[in-house]
Each structure stands twice: as structure tokens, then as C-alpha cells.
Amino acid sequence: NEATVMNEVILFDTEESFNNTCEVKTNHSCNVRTCNEVIDEGLKRKKIVLSSREGEGKSTTLKHFELVLKSKYPWMWIQEVDLRKNIKAIRFGAQLRLGTRKEIVHFLAEHLIGYDDFNRAVFIELFLKNQVVFLWDGSYEIFPRFKTFLMNLVRKIANSTDNLQFIAT
């Protein structure tokens, strides 16, 4: 299952319990890289898509990335977004016209992630400084109903910031 959302697809070997390698397909080339190499590549490219069939460990892989990212980059804000649990916010966001970075970050902080005032302010500050990593999970479950909104949101974040995004689909 290759995703057409981005230019690269990361396929993890989830049958073995994290041997810390993955197969990377980028423009017709394939090779195996460590989890740290994939994260470093993601920091350059801003977005990585994890694609496989349902139940093959994409959510577990995101959790593994979260642990590695927190230890490797403790100053970054690592934000998991479980789209399945945020349908109401996604439905609301789909009705908005999110154009600017400020509109995007305020939607994320207030509706999709929903922080208290202090954490919202910290999240917004770090987002605007490109120090946020998004771990988008559950996109398969909300497609096709909110596919356009989610793809536009991911693209707008990628085009207007240097924040890293991992998308499980």
C-alpha cells in the first residue's frame, strides 16, 4: 500500500518487535535504515508517511518514534494526534478556512489538541519556532470523509513551517 500523499513511504517491519530498521522507498529506490536515520531524514524533508495494511503496527511505530524523538530531541514538543478521537474537532476544522500559520496553530491548539492556557501558549510558541513534531495517527479510519481536510492541513503545515510530521495511513 503506497501512499500518494507525499513523495516517500516508510514501511516498517512490524512482524519482529522493532529490530530498529525500516524499508524506505523514495522515487523508485529502496534501502534499509535505522529508526534514527528515518527521523533525521524526516527532519530534512518535514514529512514522512508510514503506510501498511490495517493492524500491521503503524500506531506502535509512531509510539516508538515518540520515545526515540523525546530522548534524541528533548527540547522539541512531540505531539501525537489520534484522529479517531478527534472527529468533532476535525468536523469543525473542515468548515474553517485555515490559511495562515497563526490560524493553523490556533486551530490545532484550541480544537484538535485542546490545551489549557499555559500549555497552549507554549505549544503555539514552539510551533512558530518550528520545534513541534506531529505524529498523526488514525488517518485511515477517518478517510474518505475528511481526507481533503486532513491532506490540506498536513500540506499547509508543511508549506508554512518546518515542523516535522509523521503520518500513519
Can you tell if the side chain of His106 reaches within under 4.5 Å of the side chain of Ile124, non-hydrogen atoms only?
yes
Is there a side-chain contact (heavy atoms from CB on, under 4.5 Å) between Asp82 and Trp136? Walk through the geometry before answering.
CA-CA 6 Å; Asp82 187 339; Trp136 301 100; over 6 Å; no
Below 30° counts as parallel, above 60° as perpendicular, anything between as tilted: where do the rings of Phe127 and Phe123 land?
tilted
Any donor-acceptor pair under 3.5 Å linking the side chain of Asn86 with the backbone of Ala89?
no
Work out which heavy atom in Arg101 is nearest to a heavy atom in Leu128; give both atom names and the distance.
NH2-O, 3.5 Å
Could you pull out the closest heavy-atom pair between Arg120 and Ala109, with the gap in Å?
CG-CB, 3.4 Å
Please say whether more than 12 non-hydrogen atoms of neighbouring residues, nucleotides or ligands are located less than 6.0 Å from NZ in Lys102.
no
Taking the side chain as C-beta and beyond, is there a heavy-atom pair between Asn163 and Val133 under 4.5 Å?
no
Strictly by modelled atom types, are Gln131 and Trp77 linked by a side-chain donor-acceptor pair under 3.5 Å?
no
Of the non-hydrogen atoms in Ala158 and Lys47, which two are nearest, and what is the gap between them?
CB-CD, 4.0 Å
Between atom CZ of Phe65 and atom NZ of Lys70, what is the distance when rounded to the nearest 0.5 Å?
15.0 Å
Treating Ser139 as the side-chain partner and Ala168 as the backbone partner, does any N or O pair qualify as donor plus acceptor under 3.5 Å?
yes
Hey, does the side chain of Lys46 reach the backbone of Thr161 with a donor-acceptor pair shorter than 3.5 angstrom?
yes
Same hydrophobic cluster for Leu67 and Phe134, using side-chain heavy-atom links shorter than 4.5 Å among ILVMFWY?
no
Residue pair Ile39, Phe166: steps toward the side-chain contact (heavy atoms from CB on, under 4.5 Å) verdict:
CA-CA 9 Å; Ile39 289 170; Phe166 288 91; 4.1 Å; yes
Sidechain-backbone polar pair: Glu125 side chain, Ala121 backbone, donor-acceptor under 3.5 Å:
no
Can you measure from OG1 (Thr61) to CG (Leu135) and round to the nearest 0.5 angstrom?
11.0 Å
Kindly compute the distance separating CG (Leu98) from CG (Asn152), expressed to the nearest 0.5 Å.
9.5 Å
Kindly indicate whether the side chain of Ile157, heavy atoms from C-beta on, has any atom under 4.5 Å from the side chain of Leu108.
yes
When rounded to the nearest 0.5 angstrom, what distance separates CG in Leu150 from CD1 in Ile167?
8.0 Å
In short, Ala94 meets Phe146 closest at the heavy-atom pair CB-CD2, 4.3 Å
To the nearest 0.5 Å, atom CD1 of Ile104 lies from atom CG of Asn159 at 9.0 Å
Could Asp137 and Lys63 be called an ion pair, given the rule that one side-chain N must be under 4.0 Å from one carboxylate O?
no
Val132 side chain reached by Met76 side chain, heavy atoms, under 4.5 Å:
no
For the student: nearest non-hydrogen atoms of Arg84 and Ser59, plus distance
NH2-OG, 4.0 Å
Are any side-chain N or O atoms of Glu103 and backbone N or O atoms of Thr100, one a donor and one an acceptor, separated by less than 3.5 Å?
yes
Within this structure, what is the CD1-CG distance for the pair Ile48 and Leu164, rounded to the nearest 0.5 Å?
7.0 Å
